[in-house]
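Positions are given from 1 along the sequence.
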Amino acid sequence: MHPPVLAAGCVLWRRSPLDGALELCLVHRPKYDDLSFPKGKLKPGEEALAGALRETLEETGHTAAPGTELPTQHYLANGRRKQVRYWAAEATGGAFTPSDEVDRILWLPPAAARARLTQPRDRALVDALLQALRLA
């Protein structure tokens, strides 16, 4: 049996510039036409947290301050086992530039983000973030 594909990502959050309310960042990947949290495969020898922050910067254009590690997800992708480690991460700066991989991002309140996520498994990450931020 093959080892799982190792990946990492962040549940990127910020306080709204308008009213200070919590907002979560979702990325839209045109290849899959889905909305998810920024994530990607780790490079050989790359630490999971470093990979999570790299992928978040690449996909959203935002730097982030990592916080609590959130639950790891395990699932099948294209017939291969995949393991994705996630961290809560506060956006600290940057600006989004569309690319072939991610053509838009959405900053949404937690309830709206939960409703818009394509994969039901990602909804648990919203709850885990709220718990980590002591908002649940």
Asker: Any salt bridge (Lys or Arg N to Asp or Glu O under 4.0 Å) involving residues 25-39? Give me the pairs, sequence neighbours left out, ordered by first then second residue.
Answerer: Arg29-Asp34

Asker: Which heavy atom of Ala64 sits nearest to which heavy atom of Leu53, and what is that distance?
Answerer: O-CD2, 3.8 Å

Asker: Supply the members, apart from Phe96, of the Ile/Leu/Val/Met/Phe/Trp/Tyr cluster built from side-chain contacts under 4.5 Å; use none for a lone residue.
Answerer: Leu12, Val27, Val102, Ile105, Trp107

Asker: Using side chain to side chain contact (heavy atoms under 4.5 Å, CB included), reason through Thr56 and Trp87 one step at a time and then give a plain yes or no.
Answerer: CA-CA 11 Å; Thr56 297; Trp87 279 265; over 6 Å; no

Asker: Donor-acceptor pairs under 3.5 angstrom involving side-chain atoms of residues 65-73: please list them, not counting sequence neighbours.
Answerer:
residue : atom : partner : partner atom : Å
Glu69   : OE1  : Arg85   : NH2          : 3.1
Glu69   : OE2  : Arg85   : NE           : 2.8
Glu69   : OE2  : Arg85   : NH2          : 3.2
Gln73   : NE2  : Arg121  : O            : 3.0
Gln73   : NE2  : Asp122  : OD1          : 3.3

Asker: Quick one: hydrophobic cluster around Leu6, which other residues, with the 4.5 Å side-chain cut-off, linked directly or via members?
Answerer: Leu42

Asker: Hydrophobic clusters here meaning ILVMFWY residues chained together by side-chain heavy-atom distances under 4.5 Å, can you tell me if Tyr86 and Leu57 are in one?
Answerer: no

Asker: Who passes side chain to side chain contact (heavy atoms under 4.5 Å, CB included) against Ala77, sequence neighbours left out?
Answerer: Tyr75, Lys82

Asker: Rounded to the nearest 0.5 Å, how far does SG of Cys10 lie from CG of Leu125?
Answerer: 11.0 Å

Asker: CG/Leu135 to CG/Asp127 distance, rounded to the nearest 0.5 angstrom?
Answerer: 12.0 Å

Asker: Would you say Leu130 ends up clustered with Leu106 if hydrophobic residues are merged whenever their side chains have heavy atoms under 4.5 Å apart, either directly or through other cluster members?
Answerer: yes

Asker: Minimum heavy-atom separation for Thr60 and Cys25, please, with both atom names.
Answerer: CG2-SG, 3.9 Å

Asker: What pairs meet the salt bridge (Lys or Arg N to Asp or Glu O under 4.0 Å) rule with one or both residues in residues 2-13, with sequence neighbours excluded?
Answerer: none

Asker: Not counting sequence neighbours, which residues clear side-chain hydrogen bond (donor to acceptor under 3.5 Å, both in side chains) with Glu46? List them please.
Answerer: Arg54

Asker: With the side chain counted from C-beta on, respond yes when Thr118 and Leu35 share a heavy-atom pair under 4.5 Å apart, and no when they do not.
Answerer: yes

Asker: Between Glu55 and Lys41, which heavy-atom pair has the shortest distance, and what is it?
Answerer: OE2-O, 3.7 Å

Asker: Apply side chain to side chain contact (heavy atoms under 4.5 Å, CB included) to Ala124 and list each qualifying residue two or more places apart in sequence or on a separate chain.
Answerer: none

Asker: Tell me which pairs pass salt bridge (Lys or Arg N to Asp or Glu O under 4.0 Å) where either residue lies in residues 9-19, with sequence neighbours left out.
Answerer: Arg14-Glu23

Asker: Report the distance from atom CZ of Arg81 to atom NE2 of His2, rounding to the nearest 0.5 Å.
Answerer: 10.0 Å

Asker: Got more than 12 heavy atoms from elsewhere within 6.0 Å of CD, Glu47?
Answerer: no

Asker: Of all heavy-atom pairs between Leu26 and Ala113, which one has the smallest distance, and what is that distance?
Answerer: CD1-O, 3.8 Å

Asker: Quick one: side chain to side chain donor-acceptor pair (under 3.5 Å) pairs with a partner in residues 91-100, sequence neighbours left out?
Answerer: Thr63-Thr92

Asker: Does one hydrophobic cluster hold both Leu133 and Leu117, with members joined at side-chain heavy-atom distances below 4.5 Å?
Answerer: yes

Asker: Going by ring pair (Phe, Tyr, Trp, His ring centres under 6.0 Å), name the pairs with one or both residues in residues 14-57, residues two or more places apart or in two chains.
Answerer: none

